[in-house]
Amino acid sequence: MLHTVNKSPYETNSLSSCLRLARKGHTILLFENGIYGALKGTCFENVVTDALNKYQICVLMPDIEARGMRVDNVITGIKTVDYAEFVDLVASNSTVQAWL
Amino acid sequence: MLHTVNKSPYETNSLSSCLRLARKGHTILLFENGIYGALKGTCFENVVTDALNKYQICVLMPDIEARGMRVDNVITGIKTVDYAEFVDLVASNSTVQAWL
Amino acid sequence: MKFAILVNEGPYQHQASDSAYQFTKAALKKGHEIFRVFFYHDGVNNGTRLTVPPQDDRHVVNRWSELSKENNLDLVVCIAAAQRRGLLDENEAKRHGKNANNIAEGFRISGLGQLIEAGVQSDRLVVFGD
Amino acid sequence: MKFAILVNEGPYQHQASDSAYQFTKAALKKGHEIFRVFFYHDGVNNGTRLTVPPQDDRHVVNRWSELSKENNLDLVVCIAAAQRRGLLDENEAKRHGKNANNIAEGFRISGLGQLIEAGVQSDRLVVFGD
Amino acid sequence: MEEEGVVKKFLYVNRKAPYGSIYALESLEVVLIGAAFEQDVSMVFIDDGVYQLKKDQQTSVSSGIGMKDFSKTYRALEGYDVEKLYVDKKSMEERGLSVDELVVPVTILDDAQMGELMEQQDVVLSF
Amino acid sequence: MEEEGVVKKFLYVNRKAPYGSIYALESLEVVLIGAAFEQDVSMVFIDDGVYQLKKDQQTSVSSGIGMKDFSKTYRALEGYDVEKLYVDKKSMEERGLSVDELVVPVTILDDAQMGELMEQQDVVLSF
């Protein structure tokens, strides 16, 4: 199952609810303002790093780059994807849930 | 100075930032989904009750009632107002800041 | 006292326009002057005459038009935000080669300077948004 | 694979429509079928032909219209949400006594059943919103 | 309106409070229309979404916040055979809400049960 | 465009990240237009608003997320005599950001200083 999170973890509770309710082995894609949850050096880094033990976490690079970040800023273990790979993630998971 | 908060404290960080940055003696009006911060029995009750030592806090009754709550649900010390009193609050404070 | 109102969201999707309306009505009832209501961002969509809400629902756009008529309210839609979102009056439609316009009665399209002017000229500015 | 796309927000205000567009384009490029793009809530505003964005900005509405033309995409605007927000085609305008309509090329207005049908008929439904 | 007898599991995820935005109301409209398709429908209420079901909502076009109270419509769901309504346990607790304060009967799910329910779905609609 | 020489303190409050929504861009458009009115303008960046100023933003209408990069416009503010830019200390710290990662020079304010600045204003615009 694929979960998408498009909200900043600072602004809303979407990521936190997603991390609480998704099941082990699920995949989470961070995109739009959701990419702020994928960054090193923030107050969310530990929570998200821990979540990597339970979930596969991906982040959309075009959204990372638009916001002035680069691959180097992404927490180790998070997979960077482009729109084509976003499509692949949807295709390879039987259901998609958006945490708006 | 009057601060208005129209967001649920569960959903966004607006109330939390407002409580951090407003100055002692300022007035805070909770309205729209912001009224959820004014309710008894929630996980925010203690934070908001503490904030009453620093701020005057008001809540808009029409928004309380629309959401199935009544005066009894409002934390003691929070002042309930209607739209006319919302207008008075704006008139009696030289500046209004909206925490959207 | 002289108030200016800023509305940042469109009709129905968020409560901003409803709250702004209730506030404006209450302020007028108390004898305050409303210098201007300025519609910015998606707020410009409050100025379309093409909405047809369900019969049992409020008519957000008409409420503003009527309040404007009764109280000579200045309802200003930001031109830049309106162009982005497809809210045009007759002149704007002509200027951009569009074969239709959709502005509602009581609203006028003008520049962002009108928002700043409202801030300068009014005693209070109240912002309603998301 | 057969995809359905749901867009919940209007053009420019939120990134939802942009992301949905990029996703749809990428899916088509990969050879997937897009069963339908359904526009709900403020998403219906993506279907207006009256927008005039700045020259140096993307044209959200035209991008959808062109993608639809090139790929025979079914772009459906929810009728109930569209009525609330003032998005009408010629028939709807006539039916409601409005003297203008604003629907863009490639979009059609239909009921919510089209969203459910898209969910039933497609292998995947992807939601873009706020 | 039936699609060649295909029955899928549809989940409607409601995470937003009523009135502050239209998502709760327009989500309900999808569920009601969708009922004609005879799919296997579940609704979950998480985070501020649980507030959609709060009893005693009081507003009308001509009073209060000037918007109609649509909370009674949740009671009509049963008549449309939409009977699987779930609320998130933690969201209820954080808000100090109990099930008897809600307009319709619901089942409370804990984190694990909610995750399991989500995983079983074919189509997830969130607004 | 001057209003009888009235000079008021205008504060623009930016609390939202760029691109995810249009508020950052359209807020900047107000500041630029407003500059012609020769008011006493300050801008504050709080919460995700500090991300508006992040260096190295990279997107264009034809690449990336398909939206133009408007972050360079903040550098033009100086030419409009808009020079009082403030960032919230806690917001910077939570995000692990330092001032040299921002596109323009800013002053960092702690909670008390930010509250004081807000209190001194005549008009506060938030988007």
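To find a chain, count down the sequence lines: A is the first, B the second, and so on, and within it residues start at 1.
- The pair C/D89-C/R108 does not meet the salt-bridge criterion, since no charged nitrogen lies less than 4.0 angstrom from a carboxylate oxygen.
- Your options are C/D130, C/L87, C/N99, C/N46, and the one with the most heavy-atom pairs under 4.5 Å with chain D is C/N99.
- Note: C/L50 leads C/L50, C/T48, C/V60 in heavy-atom pairs under 4.5 Å with chain D.
- D/N45 touches chain C through its side chain: at least one heavy atom from C-beta onward sits under 4.5 Å away, while N, CA, C and O do not.
- Formation of a donor-acceptor pair under 3.5 Å by the C/T51 side chain with backbone atoms of D/R85 is not found in this model.
- Checked by atom type and distance alone, the side chain of C/N71 never pairs as donor or acceptor with a backbone atom of C/I34 at under 3.5 Å.
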Open item on the list: Apply side chain to side chain donor-acceptor pair (under 3.5 Å) to residues D/S17 and D/W64 and explain how you reach the verdict.
Closed with: CA-CA 9 Å; D/S17 178; D/W64 280 116; 2.9 Å; yes

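- Only the backbone of D/N101 comes within less than 4.5 Å of a heavy atom in chain C; its side chain stays farther off.
- For chain C, the nearby parts of D/H41 are the backbone and the side chain; heavy atoms of each come within less than 4.5 Å.
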Task: Criterion ring-ring contact (aromatic ring centres under 6.0 Å, His included) on D/F23 and D/F128, from CA distance to verdict - done: CA-CA 10 Å; D/F23 180 90; D/F128 296 89; 5.7 Å; yes

